[in-house]
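One structure is given here, and the rest of the page talks about it.
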There are 2 protein chains.
Amino acid sequence: MRITSSIEYATRLMVTLAAEHGKAPVPAERLAETDNVPADYVSQILVKLRRAGLVTSHLGSSGGYSLSRTPCKITIEQVVRAVDGAVFEEVCERYDDGAKDCRHQGQCAISPVWTRLGEIVTRYFESVTLAAILEQKAGSCGASPAWLEKLAPGK
Amino acid sequence: MRITSSIEYATRLMVTLAAEHGKAPVPAERLAETDNVPADYVSQILVKLRRAGLVTSHLGSSGGYSLSRTPCKITIEQVVRAVDGAVFEEVCERYDDGAKDCRHQGQCAISPVWTRLGEIVTRYFESVTLAAILEQKAGSCGASPAWLEKLAPGK
DNA sequence: ATCATTCCTGACCTTTTTAGTCAAGAATGA
DNA sequence: TCATTCTTGACTAAAAAGGTCAGGAATGAT
């Protein structure tokens, strides 16, 4: 299981745009340099982010991209969904030719394990906003943000 | 993000073996049929599970595979690690040519997000045992097992 | 108006990973 | 002794990830 380059890159771009929020739009080319992302790839990712309504594009000279809303209102969940389509893919029926003899139906107890995992991951991603990441970066708030707090129960 | 076929298949095999725990070893071919996994693929997966010490093989006629310990002591985390090598791969440096100009070092605030996710996923997998899945399957205990309980805090 | 800037679209390519197959061989128990 | 069952490792095919490219259209600056 791993974080794809699209997700990593998209997150970098969004964090950078968050830092520039309120200022002038940032051209894709500058984002590519700043965030160390291949120039032709960055455009593709930005298109997805735009279609998802997370960023706004401005044509013409001194154009570029900017966040379409405040960094507080944008979560990693939204970023991941924008570039990958879904945070967690359904497992059911993927590994069973059609649905015949599917181990995931009726009495199967395995699929709930994956479904639950998807919920947990989604829940976590929803709890992390661009603003929180930025805050962490600036080191402006001493204490760790909520999403970095220790897990509650057992070891 | 998704569950690979290896993980899904390995889990099916382990659950089936858990159900047969204490009885005679189960041949790979029978596992393939029972769990609807390609026959030649099942052996490969079982080899990994054996090398990880999760199952024991018995040669000769009436041989086969059996769990190497009680289903209570085997977690999904162990199964995933056995077939995929790691539950969650490090993100750092994967997307930065070498380490030069790496966004993941020093002041970068993104990598902790992924690291934390890895911890959460690992923690979850560690909480799910084969015994728990089996119990759920049998419907023997009315209430949901711990790992299916509602998440604690906010919506 | 013109023109450099910047985004838009979609096709294309390469590499890596996933998923699955195959065959020869060695150990074991009946 | 021999059918059964695992062992090993190489091999292949398909899908996904990762990245490139080119032609075009919109916009703002001058």
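Naming: A, B, ... by sequence-line order, numbering from 1 per chain. Hydrogens, waters and symmetry mates are skipped; everything else that's a heavy atom, side chains included, is used.
Bracketed by its first and final contacts, the part of DNA chain C lying under 4.0 Å from non-hydrogen atoms of chain A reaches from C:dT5 to C:dA19 in 5' to 3' order.
Where B:E29 and A:P38 each meet DNA chain D at their nearest nucleotide, the meeting point lying more 5' is that of B:E29. Nearest-nucleotide mapping onto DNA chain C: of B:L59 and B:E89, the residue sitting toward the 5' end is B:E89.
Here A:S5 reaches the OP1 or OP2 of D:dG18: one of its side-chain N or O atoms lies under 4.0 Å away. A sub-4.0 Å separation between OP1 or OP2 of D:dA29 and a side-chain N or O of A:S62 is present. At least one side-chain nitrogen or oxygen of B:Y65 sits closer than 4.0 Å to the OP1 or OP2 atom of D:dT7. Within the 4.0 Å cut-off from OP1 or OP2 of D:dT7, at least one side-chain nitrogen or oxygen of B:R50 is found.
A:K48 has its NZ atom 10 Å from the C1' atom of D:dA17, to the nearest Å. Following rounding to the nearest Å, B:E33 (CD) and D:dT5 (P) show an atom-to-atom distance of 11 Å. Atom-to-atom, CG of A:D40 to P of D:dC21 comes out at 7 Å; the value is rounded to the nearest Å. In this structure, NE2 of B:H58 is placed 19 Å from C1' of D:dA3, rounded to the nearest angstrom. Taking atom OH of residue A:Y41 and atom C1' of nucleotide D:dA16, one finds them 11 Å apart after rounding to whole Å. A straight line from CZ of A:R2 to P of D:dA17 spans 8 Å, rounded to a whole angstrom.
When the nucleotides D:dT20, D:dA17, D:dA29 are ranked by their closest atom to the side chain of A:T4, D:dA17 comes out on top. The A:Q44 side chain lies nearest to D:dG19 when the options are D:dG18, D:dG19, D:dT7. Across D:dG9, D:dG18, D:dT20, the shortest atom-to-atom separation from the side chain of B:R51 is found for D:dG9.
Counting only N and O atoms by type, the side chains of B:H58 and B:S66 include a donor and acceptor under 3.5 Å apart. A side-chain N or O of B:S6 and one of B:Y41 form a donor-acceptor pair less than 3.5 Å apart.
The pair A:R12-A:E8 meets the salt-bridge criterion, with a side-chain N (NZ, NE, NH1 or NH2) lying under 4.0 Å from an Asp/Glu carboxylate O. Using a 4.0 Å cut-off between charged side-chain N and carboxylate O, A:E33 and A:R30 make no salt bridge.
The number of heavy-atom neighbours closer than 6.0 Å to CD of B:E29, taken from other residues, nucleotides and ligands shown, is 12 or below.
Residue contacts shown for B:A28 are limited to sugar-phosphate atoms, with no base heavy atom under 4.0 Å away.
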> Does the pair B:Y9 and B:T4 meet the rule for a side chain to side chain contact (heavy atoms under 4.5 Å, CB included), with working shown?
Replying inline: CA-CA 9 Å; B:Y9 292 161; B:T4 62; over 6 Å; no

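Linking Ile, Leu, Val, Met, Phe, Trp and Tyr residues whenever their side-chain heavy atoms come within less than 4.5 Å leaves B:V47 and B:V55 in two separate clusters.
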